[in-house]
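Beneath this line is the structure, given in structure tokens, with notes to follow.
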Amino acid sequence: MHEELENFERNHVWDLVKPPPNSRPIDTKWVFKNKQGEDGMVVRNKARLVAQARLEAIRILLAFAASKGFKLQQMDVKSAFLNGFIEEEVYMRQPLGFESARFPDRVYKLRKALYGLKQAPRAWYARLKSFLLKSGFVMGSVDKTLFLLSRGSDTLIVQIYVDDIIFGGSSHALVSSFAEQMSREFEMSLMGELQFFLGLQIKQGLEGTFVHQAKYTRDILKKFNMGDSKPMTTPMSTNTALDTDEDGEAVDQKEFRGMIGSLLYLTATRPDIQFAVCLCARYQASPRTSHRQAVKRIFRYLKFTPELGLWYSSGSSLSLRGFSDADHAGCRINRKSTSGTCQLLGTSLVSWSSYKQASVSLSTTDAEYIATASCCS
């Protein structure tokens with residue numbers, strides 16, 4: 001906590017002032033967090049006084065870097081949001097237990113953003129974007145968290161995710177120069193080679209990059225008492241046809257939603273369970289025993305395949321291809337069809353989806369066209 005408050009003083013985050021008339025200073029609270037590595041060991045303790053890039057973008061970056069032979073690095077910005085200036089007048093009460101001895105009745109007028117303020121992410125991103133653009137980077141035309149720098153024949157690529165930054169390039173000198181430049185401008189923790197990011201375990205090698213969530217898989221198996229369950233070789237039986245099952249016995253909705261939520265996050269690297277998870281997720285409002293059994297079947301499949309993941313080959317091309325498919329009137333409730341799509345960058349799978357179509361298709365051709373249009377868009 002003392003370190004966090006020292007960061008505030010060093011970065012001139014606030015000024016201690018008399019509360020203006022009719023002002024409503026906001027309250028504060030401490031949030032504590034242990035930052036863990038892929039082995040579960042605590043690598044950093046954080047205390048925050050509090051008042052995102054899509055996963056597809058991360059996967060595309062990993063596939064691109066593997067293809068080009070880039071070794072991706074990672075850095076963490078210390079108290080990132082403290083680097084963003086806010087334009088509005090915001091007053092905050094002094095943290096409990098850390099009041100000024102001379103002016104206990106005064107409040108802080110914020111000059112920079114704090115974690116928890118709705119202005120904080122925008123202010124931090126604006127500051128970082130401005131710095132990168134002044135340094136010669138070009139912002140992505142579609143993904144605004146992606147930045148590129150070209151120096152002759154060399155390229156440096158930077159992906160931002162809140163206060164985590166992934167970067168890599170074709171030149172070691174260019175990568176080192178960027179790391180030094182960022183360290184001079186912001187307080188950074190250089191974490192070395194990218195290995196663990198947003199719960200994804202990443203192994204970079206000469207032949208390619210492997211991305212998986214084995215640790216997370218074991219954690220959720222343990223969390224829902226499925227660690228000793230009998231393994232299954234498929235996530236769902238081919239003849240499974242779920243419906244509302246109104247005559248079935250109701251199950252704990254909170255637990256069912258927790259299981260679905262955990263599985264949805266796992267689909268970040270497991271397209272093999274996407275269809276089964278999305279199908280079960282349709283019944284979160286009123287789950288029955290049959291729905292819970294289908295979800296438990298997915299967990300039993302994970303018990304059989306805990307370390308499956310995505311392989312991005314260093315020999316892959318960068319040609320983009322898409323595939324789509326659809327059933328016809330597959331939903332037993334409203335006869336809507338289900339679309340399935342996937343996109344590959346060379347041989348690297350970077351995006352996929354499975355969802356029920358918005359309208360009822362009158363033919364298999366109609367359902368296929370809807371799925372194909374979605375895949376292309």
Side-chain angles (χ1 to χ4, degrees), residues 33-46 52-80 128 143 145-147 155-180 182-183 186-222 262 265-271 302 305-316 345 347-351:
K33 181 180 179 182
N34 292 327
K35 193 161 188 176
Q36 298 179 334
E38 63 175 315
D39 56 0
M41 298 294 291
V42 176
V43 297
R44 186 179 174 195
N45 296 312
K46 289 186 175 182
Q52 250 85 218
R54 298 170 59 185
L55 283 173
E56 285 88 347
I58 304 301
R59 290 194 292 261
I60 291 172
L61 174 60
L62 292 171
F64 177 83
S67 174
K68 293 292 185 180
F70 294 176
K71 185 72 74 171
L72 292 175
Q73 309 289 320
Q74 183 179 9
M75 62 173 64
D76 176 72
V77 185
K78 295 182 179 179
S79 301
L128 180 57
D143 183 1
T145 63
L146 180 72
F147 293 84
T155 302
L156 178 68
I157 187 167
V158 176
Q159 180 80 60
I160 302 167
Y161 197 93
V162 193
D163 56 354
D164 284 307
I165 298 175
I166 304 173
F167 62 101
S170 57
S171 166
H172 177 71
L174 197 59
V175 171
S176 299
S177 175
F178 172 72
E180 293 174 4
M182 289 291 290
S183 297
F186 309 102
E187 285 195 69
M188 311 292 301
S189 294
L190 296 176
M191 305 173 70
E193 182 179 326
L194 179 64
Q195 295 181 336
F196 194 71
F197 185 72
L198 299 178
L200 309 181
Q201 294 170 254
I202 301 164
K203 302 294 183 184
Q204 301 182 78
L206 295 177
E207 297 181 354
T209 299
F210 181 54
V211 188
H212 63 104
Q213 292 171 279
K215 178 183 180 298
Y216 178 76
T217 300
R218 298 189 189 96
D219 288 345
I220 63 174
L221 284 170
K222 181 179 179 181
S262 298
Y265 184 68
L266 188 57
T267 60
T269 60
R270 297 293 297 266
L302 295 177
T305 59
E307 297 189 1
L308 280 188
L310 302 172
W311 172 250
Y312 296 145
S313 173
S314 59
S316 174
L345 197 59
T347 60
S348 302
L349 182 61
V350 294
S351 180

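Numbers here simply count residues along the sequence, with the first being 1. Quantities reported herein were computed from a predicted structural model and do not represent experimental measurements.
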Side-chain donor or acceptor of Tyr216 paired with backbone N/O of Ser262 under 3.5 Å: yes

I'd like to check the side chain to side chain donor-acceptor pair (under 3.5 Å) partners of Thr305; sequence neighbours left out, ordered by chain and number. Arg270

Write down the atom of Ala179, the atom of Leu190, and the distance for their closest heavy-atom approach. CB-CD2, 4.2 Å

Under 3.5 Å donor-acceptor, Gln74 side chain and Gly192 backbone: no

How long is the span from the OG1 atom in Thr209 to the CD atom in Gln204, to the nearest 0.5 Å? 5.0 Å

Using side-chain contact (heavy atoms from CB on, under 4.5 Å), reason through Ile202 and Leu72 one step at a time and then give a plain yes or no. CA-CA 10 Å; Ile202 301 164; Leu72 292 175; over 6 Å; no

Met188 backbone acceptor or donor facing Ser183 side chain under 3.5 Å: no

Interatomic distance, OG1@Thr269 vs CD1@Ile58, rounded to 0.5 Å, equals 13.5 Å

Please check if the side chain of Ser316 supplies one atom and the backbone of Thr347 the other of a donor-acceptor pair under 3.5 Å. yes

Rounded to the nearest 0.5 Å, what separation is found between the CG atom of Asp164 and the OG atom of Ser189? 10.0 Å

Evaluate Gln213 against Leu200 for side-chain contact (heavy atoms from CB on, under 4.5 Å), listing each step before the verdict. CA-CA 5 Å; Gln213 292 171 279; Leu200 309 181; 3.8 Å; yes

Test item: Phe197 and Met191 side chains (from C-beta on) under 4.5 Å apart, heavy atoms: no

4.5 Å side-chain heavy-atom contact, Leu302 and Ile220: yes

With under 30° as parallel and over 60° as perpendicular, where do the rings of Trp311 and Phe210 fit, or are they tilted in between? tilted

Only counting residues at least two apart or in another chain, list the ones meeting side chain to side chain contact (heavy atoms under 4.5 Å, CB included) with Ser171. Asp154, Ala173, Leu174

Does the side chain of Leu146 come within less than 4.5 Å of Ile60's, by heavy atoms? no

Which residues share a side chain to side chain contact (heavy atoms under 4.5 Å, CB included) with Glu56, sequence neighbours left out: Arg54, Arg59, Ser351

Main-chain N/O of Thr155 paired to Ser170 side chain as donor or acceptor, under 3.5 Å: yes

Ignoring hydrogens and geometry, is there a side-chain-to-backbone donor-acceptor pair from Gln201 to Ala214 under 3.5 Å? yes

For the residue pair Phe147 and Ile160, establish whether any side-chain heavy-atom pair is separated by less than 4.5 Å. yes

List the steps and the verdict of side-chain contact (heavy atoms from CB on, under 4.5 Å) for Asp143 and Gln159. CA-CA 9 Å; Asp143 183 1; Gln159 180 80 60; 3.3 Å; yes

Could you grab the distance from atom CE of Met75 to atom CD1 of Ile166, nearest 0.5 Å is fine? 11.0 Å

For Leu55 and Ala268 the tightest heavy-atom approach is CD1-CB, 3.6 Å

Are Met182 and Leu128 side-chain neighbours, meaning at least one heavy-atom pair lies under 4.5 Å? yes

For Ala63, the side chain to side chain contact (heavy atoms under 4.5 Å, CB included) test, sequence neighbours excluded, returns Tyr312, Leu345, Ser348, Val350

Give the C-alpha distance, both sets of side-chain angles, the deciding distance and a yes or no for side-chain contact (heavy atoms from CB on, under 4.5 Å) between Leu194 and Leu62. CA-CA 10 Å; Leu194 179 64; Leu62 292 171; 4.0 Å; yes

Residues which pass ring-ring contact (aromatic ring centres under 6.0 Å, His included) with Phe178, listed by chain and number, not counting sequence neighbours: Phe137, Phe167

Just wondering, more than 12 heavy atoms not from Lys71 lying within 6.0 Å of its NZ? yes

Go through the structure and list residues passing side chain to side chain contact (heavy atoms under 4.5 Å, CB included) with Ser176, not counting sequence neighbours. His172

